[in-house]
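Only one structure is covered here, and it is reproduced in the block below.
Heads up: numbering here begins at 1 and tracks the sequence.
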Amino acid sequence: MSINTLEEAVALTKKFTSKPSNEELLKIYALYKQATEGDNEGERPGGFDFVAAAKYNAWLNQAGKSKEEATKQYIAFVNEISSKYL
């Protein structure tokens, strides 16, 4: 199954029958945020919210990437891992 749009890729991730690894989930999250919102300009989460900090850092690592490039990478990554989780 080959997907071609961001919306199709998002829909496909919702059909996964098992949960991707944390690293894969962070990459999916970061590429999606970069594709839809652009560079992360929010404040770094404080305290002991390790999940929020990991998400923040993953998105921050995508800084400078255009929305179009992030969209292409998101679609390619979802295509790549979908066979493992469907």
Side-chain angles (χ1 to χ4, degrees):
M1 169 187 247
S2 183
I3 50 178
N4 300 307
T5 67
L6 184 63
E7 294 77 19
E8 289 174 349
V10 170
L12 185 60
T13 63
K14 293 178 182 187
K15 294 179 184 176
F16 287 176
T17 56
S18 59
K19 185 178 174 185
S21 71
N22 288 338
E23 293 79 21
E24 290 167 330
L25 288 171
L26 284 171
K27 186 171 181 177
I28 289 169
Y29 171 82
L31 286 171
Y32 178 81
K33 293 294 274 185
Q34 189 69 23
T36 58
E37 297 184 30
D39 287 346
N40 182 352
E41 297 182 7
E43 290 188 28
R44 181 177 300 279
F48 293 98
D49 193 347
F50 300 116
V51 173
K55 289 169 120 179
Y56 178 90
N57 291 334
W59 183 11
L60 194 62
N61 287 336
Q62 301 297 324
K65 190 174 290 177
S66 71
K67 288 182 177 184
E68 295 77 20
E69 183 59 29
T71 299
K72 287 178 189 174
Q73 289 184 8
Y74 181 91
I75 292 167
F77 186 63
V78 170
N79 271 321
E80 175 186 327
I81 67 169
S82 65
S83 62
K84 290 185 344 188
Y85 300 109
L86 286 176

Open item on the list: Which Ile, Leu, Val, Met, Phe, Trp or Tyr residues join Leu60 in one cluster when any pair of side-chain heavy atoms under 4.5 Å counts as a link?
Closed with: Tyr56
Task: Any residue meeting side-chain hydrogen bond (donor to acceptor under 3.5 Å, both in side chains) with Lys65, in chain and number order, not counting sequence neighbours - done: Gln62, Gln73
Task: Listed partners of Asp49 passing side-chain hydrogen bond (donor to acceptor under 3.5 Å, both in side chains), at least two apart - done: none
TODO: Verify, without hydrogens or angle tests, whether Asn40 (side chain) and Trp59 (backbone) share a donor-acceptor contact under 3.5 angstrom.
DONE: no
Review item, side-chain donor-acceptor pairs of residues 20-27, under 3.5 Å, at least two apart:
unit_1, atom_1, unit_2, atom_2, d
Ser21, OG, Glu24, N, 3.2
Ser21, OG, Glu24, OE1, 3.2
Glu24, OE1, Ser21, N, 2.9
Glu24, OE1, Tyr85, OH, 2.4
Glu24, OE2, Lys84, NZ, 2.7

Task: Set of salt bridge (charged side-chain N to carboxylate O under 4.0 Å, His left out) partners for Glu37, sequence neighbours left out - done: Lys33
- [ ] Would you indicate whether the side-chain heavy atoms of Leu12 and Glu8 approach each other to under 4.5 Å?
- [x] no
Task: Criterion side chain to side chain contact (heavy atoms under 4.5 Å, CB included) on Leu6 and Thr36, from CA distance to verdict - done: CA-CA 9 Å; Leu6 184 63; Thr36 58; 3.8 Å; yes
Task: Spacing of Tyr74 atom OH and Leu31 atom CG [to the nearest 0.5 Å] - done: 8.5 Å
Open item on the list: Looking at Gln34 and Ala30, would you say the former's side chain and the latter's main chain have a donor-acceptor pair under 3.5 Å?
Closed with: no
Open item on the list: Is there a path of hydrophobic side-chain contacts, each under 4.5 Å between heavy atoms, that joins Ile3 and Phe16?
Closed with: yes
Open item on the list: What I'd like to find out is whether the side chain of Ile28 reaches to under 4.5 Å of the side chain of Ile81, using heavy atoms alone.
Closed with: yes
- [ ] Check the hydrophobic clustering (I, L, V, M, F, W, Y; side-chain heavy atoms under 4.5 Å; chains of links allowed) and say if Phe77 and Ile75 are grouped together.
- [x] yes
Open item on the list: To check you understand the geometry: which heavy-atom pair defines the closest contact between Thr71 and Ala35, and what is its length?
Closed with: OG1-CB, 3.3 Å
Task: Sequence neighbours excluded - salt bridge (Lys or Arg N to Asp or Glu O under 4.0 Å) pairs with any residue from residues 72-81 - done: none
